[in-house]
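Presented below is the structure to which this report refers.
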Protein chains: 2
Amino acid sequence: MNKTTGAVKGKRVVMVCGVPMDMANCPVRDVMDNIGGKWNSLMILSLADGPLRFSQLRRLIPDISQRMLTQTLRDLQRDGYLSRTVYPTQPPSVEYRLTDLGRSFLVPLKLFVDWSLQNHDAIRKARAEYDQVA
Amino acid sequence: MNKTTGAVKGKRVVMVCGVPMDMANCPVRDVMDNIGGKWNSLMILSLADGPLRFSQLRRLIPDISQRMLTQTLRDLQRDGYLSRTVYPTQPPSVEYRLTDLGRSFLVPLKLFVDWSLQNHDAIRKARAEYDQVA
DNA sequence: CCGTATCCGGGTGGATACTG
DNA sequence: CAGTATCCACCCGGATACGG
């Protein structure tokens with residue numbers, strides 16, 4: 001089962017699922033913050049098939065506010081998932097494009113998307129049953 | 001309340017990455033809420049290798065508060081990821097165990113974990129560079 | 001077109017104390 | 001041991017207005 005590695009005292013590293021998990025400074029939690037927000041993963045997916053401009057992303061994701069679109073793009077740019085290119089046209093246009101890092105993330109993200117679509121009904125059903133009992 | 005299915009206004013279903021994405025009522029966002037929280041994915045991973053009791057989970061994840069441990073477990077139970085079994089011993093013990101749904105989620109989650117471990121250095125580097133410029 | 005600035009309501013999550 | 005209950009600080013994210 002879960003056994004702490006006795007290597008270093010004080011380091012809370014646990015073998016989980018065949019992988020060393022650092023419970024104190026957890027890379028998984030760190031990455032999860034990047035894509036666990038309300039719009040982050042959807043943004044990466046939206047750019048999967050090619051670069052898009054700001055206004056194109058707005059139209060593609062109608063529910064997002066202008067503020068959150070900007071902020072989500074900044075966050076993802078900051079952590080290296082996408083790049084921002086300004087074309088000095090008139091009026092100006094800004095293109096957002098997945099980096100190599102961002103594209104490599106599409107592999108696990110795509111698997112997650114597939115799982116969500118397959119099991120979404122089962123989850124909603126479990127939720128409804130739980131709420132009915134309670 | 002909910003917009004019922006079918007033709008409301010405009011098609012909000014977009015083909016992304018070869019997958020139909022409903023931007024209005026998005027299953028991906030729904031599932032992401034389940035595992036995008038601060039502790040949710042870590043909880044599922046902690047139970048990957050076998051069932052654990054409440055106090056065992058507390059020791060395994062030292063940073064979590066008692067309140068959030070309970071709440072996270074309830075949320076995941078509600079959506080069908082894990083089951084809760086009370087053994088009427090003295091003192092009582094409660095066992096948490098992944099359901100079939102929860103175990104099936106380990107497949108995409110494991111891929112995500114591996115990606116995180118491989119790329120979190122690149123992310124931290126990108127973040128540092130971005131912050132230095134700004 | 002592509003943002004920034006500001007305000008603010010609600011939800012998230014930590015700390016603490018108490019129960020069966 | 002396995003929780004509940006309560007209070008509260010913080011931050012996320014929507015609405016709105018303004019600027020290059």
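All values below were derived from every heavy atom in this structure, side-chain atoms included, with hydrogens, water molecules and symmetry-related copies excluded. Not measured: the values here are computed from a predicted model.
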Protein-nucleotide distance ([X], atom [atom1]; [N], atom [atom2]), rounded to Å:
X      : N       : atom1 : atom2 : result
L57(A) : dG3(C)  : CG    : P     : 10 Å
I64(B) : dT12(C) : CD1   : C1'   : 13 Å
R67(A) : dT6(C)  : CZ    : P     : 12 Å
L69(A) : dT4(C)  : CG    : C1'   : 13 Å
F54(B) : dC1(D)  : CZ    : C1'   : 9 Å
Q66(B) : dT12(C) : CD    : P     : 20 Å
R59(A) : dC1(C)  : CZ    : C1'   : 10 Å
R29(B) : dC12(D) : CZ    : P     : 17 Å

Given [options], which nucleotide is nearest the side-chain atoms of [X]?
X      : options                 : value
R74(A) : dA2(D), dG3(C), dC1(C)  : dG3(C)
R84(A) : dG13(D), dG3(D), dG3(C) : dG3(C)
V94(A) : dT4(C), dC2(C), dG13(C) : dC2(C)
R53(A) : dG13(C), dC1(C), dC1(D) : dC1(C)

Next on the checklist: What's Y87(A) touching, base or sugar-phosphate or nothing? Going by heavy atoms closer than 4.0 Å.
Outcome noted: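 Nothing, no heavy atom under 4.0 Å.
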Checklist entry - If you look at every strand shown and take non-hydrogen atoms under 4.0 Å, does T70(A) touch a base, only sugar-phosphate, or nothing? => result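 Counting heavy atoms under 4.0 Å across all strands, the contact made by T70(A) includes a base.
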Counting only side-chain nitrogens and oxygens, does [X] get under 4.0 Å of the OP1 or OP2 atom of [N]?
X      : N      : answer
Y96(A) : dG3(C) : yes
S55(A) : dC2(C) : yes
S93(A) : dC1(C) : no

Checklist entry - Starting at the 5' end of DNA chain D and moving along, which residue's nearest nucleotide shows up first, P92(A) or Q71(A)? => result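 Comparing both residues, the 5'-ward one is Q71(A).
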Checklist entry - Step by step, would you call Y81(B) with F105(B) a ring-ring contact (aromatic ring centres under 6.0 Å, His included)? => result CA-CA 8 Å; Y81(B) 290 88; F105(B) 184 70; 5.8 Å; yes
Next on the checklist: What I want to find out is whether D131(A) reaches R127(A) closely enough, with some N-O distance under 4.0 Å, to be called a salt bridge.
Outcome noted: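 Looking at D131(A) and R127(A), the cut-off is not met.
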Item to check | Lys/Arg-Asp/Glu bridge criterion (N-O < 4.0 Å) met for R103(A), D100(A) | outcome: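 Salt bridge present between R103(A) and D100(A).
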Checklist entry - Hey, what do you get for CD (Q71(A)) to CG (N40(A)), rounding to the nearest 0.5 Å? => result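 Here the rounded value is 9.0 Å.
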Next on the checklist: Using 0.5 Å steps for rounding, measure from the CE atom of M32(B) to the CZ atom of R29(B).
Outcome noted: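 Here the rounded value is 10.5 Å.
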